[in-house]
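To start, the structure itself, in structure tokens.
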Amino acid sequence: MRAKSDPILKVENLTMRFGGLVAVNDLSFVAGRGDITALIGPNGAGKTTVFNCITGFYKPTTGRMALRHGNIDIEAHVETLTDTPRDSLKGEGGSLFLLERMPDFEVSARAKVARTFQNIRLFSGMTVLENLMVAQHNPLMVASNWTLGGLIGLPGFKKRENEAIETAKYWLEKTKLIDRADDPAGDLPYGDQRRLEIARALCTDPVLLCLDEPAAGLNPKESAELNALLRSVCKDHGTSVLLIEHDMSVVMEISDHVVVLDYGTKISDGTPDEVKSDPRVIAAYLGAEDEAEVEKIEAEVGL
Amino acid sequence: MMDAVEKPVVNWGILFKDSVIAAIIAFGLFALMLGLKTDQALNNQMVLVGRPGLLAAVVGLVFVARLMTGYWQASRAGRIAPAKKTSSSAMMLKIEKFGLPVAVGFLVAYPIFVLATAGPQGAIKWIDNFGIQILIYIMLGWGLNIVVGLAGLLDLGYVAFYAVGAYSYALLASSEPIKEFMAQLIGEGFWQVWAFWICLPVAGILAAFWGVLLGFPVLRLRGDYLAIVTLAFGEIIRLVLINWVDFSNGYAGISSIPRPSFFGTPFTAGEDGFAAKFGLEFSPIYRTIFLFYVILALALVTAAVSMRLRRLPVGRAWEALREDEIACRSLGINTVNTKLTAFAIGAMFGGFAGAFFAARQGFISPESFVFLESAQILAIVVLGGMGSLLGVVIASILLVGGVEVLRELDFLKLYFGDGFDPAQYRMLIFGICMVLMMLWKPRGLISAREPTVFLKEKKVVSSDLVKEGHG
């Protein structure tokens, strides 16, 4: 767990209100670089809201979300950046981004945070390969000189497009979808669609990958394959992963760090083992009222 | 087993009962409407005249029609639909691939062929009414296809950009200050001859500018709301053109718009004219033929650009936007810019077509840019199959050419009397055709989507998977 020594994302005092409803209440946590950080909690705990705030789909009511590229010191620079009206800062060794100040598409394009959705959002009428090409829109747009160069057929664009196809092929092989590259995305079975969405997010070359329930609806074999894929993404590519998941076998097996939410408030934060034995977590999941009752329940289930 | 599936099982008893019920309902509906007619007797009294023959004919027709549709449905139910569907859409794409060069070749040869068969007098009608008229709509259809077919943004006010292009050309080309300025700068007569070629790109740029202007306020709107605002935009442009008389001359329109020249050589009867220069006898047909090739070239440029744009990142982003806007934003695509480019490029081609229209007519007024035009262009795109270039061609020929064909059906007067004008029934026929299309092929004539990039094999995407867009 590298949340302390090598953080990539630092969320501070994040609050999101929808009218009178407080979906996320003063949440602070740190995700470490190269870690798989899991965000868990009962239904309606505000996990997806946190994701939507991080990826810019919601503007948080209050709070600060600092993301860094490279080795810039978050603590040293974040206050300076906050005092300016800007959303990012380039310093020695890297850049710092304040995600709450950026619109959704820039969070992906500039801050390099990619995400998937709880209900899969593929371009179903486009082929698998096309889905991955759309994900590489921004570099391809530059290579095509914002369409003009591509329109008159400059060779630079063709070369860059071939590179993009190679990138797509790489991720298709990784996700075992290479044989279906030319099929429409909407024709794939559910498990393949889940993997394709992850592959598509990875094609944007993210530093932080946010996965909203990637194992939902997968069978145990597919779920094990997903674990291996996520592990490899972290190890081989240095991409950090932030994950919402209900499947505890996935969470406990692959995450380095677990943050538990209940009613929008953080109730536990630590390694999987620490969280597993946290009485508040057990209470939240089992629905107990207070500590005494938790102990009773623990005794009953033999913990 | 296979035989049992293929052979339709028709239950004639049920079918007969069904048809009898349909006939009874028809009788109930029509007994008063058709069976009785009020008429004036000699003493100016109203009398009821029974028409049992007509009533019987209609009821009989309903009975037979119900019997036939029932049989058709029953025989269709036994077939396996999906497999056939993909193969037919794949075939359509093949037609598109080979059909397009054939169609272009045919169009290039068309004026010469018509001239050879119909002679210079008869050919004008065929080249102008059929050729140029249809090509204008093909071009407009291809332009709107970018907005509606690719980006999935329902635009009911496309005619506004057509009007902007037409008025840009008409106002610039007939403007006295510009004419004088050009006369001082380059020489007398220059503007008269070259105005079209200089104003054509200007008209396109102005239309694109208005496309962006429309795009900005409607970016947040989706579906029905977007359609209503674009519809209003089209009407605003038209009403401004009607009411701002100082600017556009209102209802009276703008006349004596300079006609396009053959790259500097005007189509006039004089010494410097096209005919004299090339040693031909003067005839208006040369201008018509030239205009045909100009619009053909403009339309082909539109097709080539939109085909190429589809394979560029911006085109893929348009299609992705049609599929899922939120996913687009999660992938770092600036949806605002993407929508605006779709509006601007679509509008630009509308502007080109408008400038050509003004040059061809020599006279324009707001009457040419009513909502019905927008509806017709949209109908062409929807009927053709959203995103398909060949589909737009077929739909334009059917819709625009169809109306022209109706005007040619003079022989029908023999049967229906002298007052019968089949062109009066065009909206009725148009409506029936649209209803039938929606039943038979709701996603248009060519509904399969061709992928823009592939690894091993190009597989067409069936229309069931392709979304229509929501904004």
Side-chain angles (χ1 to χ4, degrees), chain A residues 55-57 103-110 112-117 120-131 133-144 146-147 149-153 157 161 164-165 168-169 172 178-179 181-187 197 200-201 203-204 210, chain B residues 82 86 150 152 301 304-338 341-342 344-345 386-387 443 447-469:
Chain A
T55 51
F57 281 85
D104 44 20
F105 70 93
E106 286 199 343
V107 170
S108 168
R110 285 170 54 219
K112 297 276 167 208
V113 178
R115 73 168 293 178
T116 66
F117 295 88
I120 308 174
R121 285 185 176 275
L122 288 172
F123 307 125
S124 60
M126 302 173 91
T127 65
V128 170
L129 182 62
E130 280 180 307
N131 268 270
M133 296 298 278
V134 172
Q136 301 176 65
H137 175 81
N138 285 318
L140 283 173
M141 207 63 185
V142 174
S144 73
W146 285 271
T147 307
L151 204 57
I152 55 172
F157 171 67
E161 190 176 37
I165 292 175
K169 267 163 92 174
L172 284 177
I178 191 79
D179 294 333
D182 297 325
D183 286 327
D187 261 356
E197 208 190 13
R200 188 178 68 179
C203 272
T204 63
C210 300
Chain B
T86 40
L150 295 183
V301 166
V305 168
S306 51
M307 252 151 75
R308 212 173 164 94
L309 283 175
R310 257 197 83 205
R311 288 177 172 76
L312 287 174
V314 68
R316 283 199 203 110
W318 288 339
E319 292 202 77
L321 203 64
R322 177 190 65 201
E323 298 288 320
D324 194 322
E325 186 177 339
I326 288 175
C328 276
R329 288 192 285 173
S330 84
L331 297 171
I333 294 174
N334 185 337
T335 50
V336 170
N337 289 354
T338 310
T341 48
I345 293 176
M386 289 207 224
R443 297 299 294 271
S447 49
R449 181 182 168 274
E450 192 184 1
T452 59
V453 62
F454 59 98
L455 274 189
K456 293 188 197 80
E457 174 195 2
K458 200 181 241 179
K459 293 179 190 166
V460 295
V461 180
S462 128
S463 59
D464 316 337
L465 297 168
V466 180
K467 298 211 172 76
E468 284 142 345

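Chain naming here is simple, since letters A, B, ... match the order of the sequence lines and numbering starts at 1 in each.
Considering only heavy atoms from C-beta on, B:N337 stays 4.5 Å or farther from A:W146 through its side chain. Within the 4.5 Å cutoff, side-chain heavy atoms of B:R443 are placed close to those of B:V466. Inter-residue side-chain proximity for B:P451 and B:K459 is flagged as unmet; no heavy-atom pair is nearer than 4.5 Å. In this structure the side chain of A:M141 reaches within 4.5 angstrom of the side chain of A:T147, judged on heavy atoms.
Taking the centre and axis of the six-membered ring of A:F123, the NZ or CZ atom of B:R316 falls outside the cone set by 45° and 6.0 Å.
When each of B:T341, B:T452, B:T335 is checked for heavy-atom pairs under 4.5 Å with chain A, B:T452 comes out on top. Note: B:A327 leads B:C328, B:A327, B:G315, B:A304 in heavy-atom pairs under 4.5 Å with chain A. Top candidate by heavy-atom pairs under 4.5 Å with chain B, chosen from A:R115, A:R121, A:R110, is A:R121. Note on A:G186, A:A109, A:G150: by heavy-atom pairs under 4.5 Å with chain B, the leading option is A:G150. Chain B forms the most heavy-atom pairs under 4.5 Å with one residue out of A:M133, A:Q136, A:E106, and that residue is A:M133.
For a residue to count as touching a neighbouring chain, one of its non-hydrogen atoms must lie under 4.5 Å from one of that chain's; by this rule A:D104 touches chain B with backbone and side chain alike. Heavy atoms of A:L140 lying under 4.5 Å from chain B belong to its backbone as well as its side chain. With a 4.5 Å cut-off on non-hydrogen atoms, A:T55 does not touch chain B at all. Within the 4.5 angstrom heavy-atom criterion, atoms from both the backbone and the side chain of A:R200 approach chain B. Residue contact with chain B, scored on non-hydrogen atoms closer than 4.5 Å, is absent for A:E197. When heavy atoms are compared at a cutoff of 4.5 Å, A:K169 approaches chain B solely by way of its side chain, counted from C-beta outward.
Remark: the backbone N or O of B:F454 is not paired with any side-chain donor or acceptor of A:D182 at under 3.5 angstrom.
A salt bridge links B:R449 with A:E130: the closest approach of a Lys/Arg side-chain nitrogen to an acidic carboxylate oxygen falls below 4.0 angstrom. By the 4.0 Å N-to-carboxylate-O rule, B:R311 lies too far from A:E161 to be salt-bridged with it.
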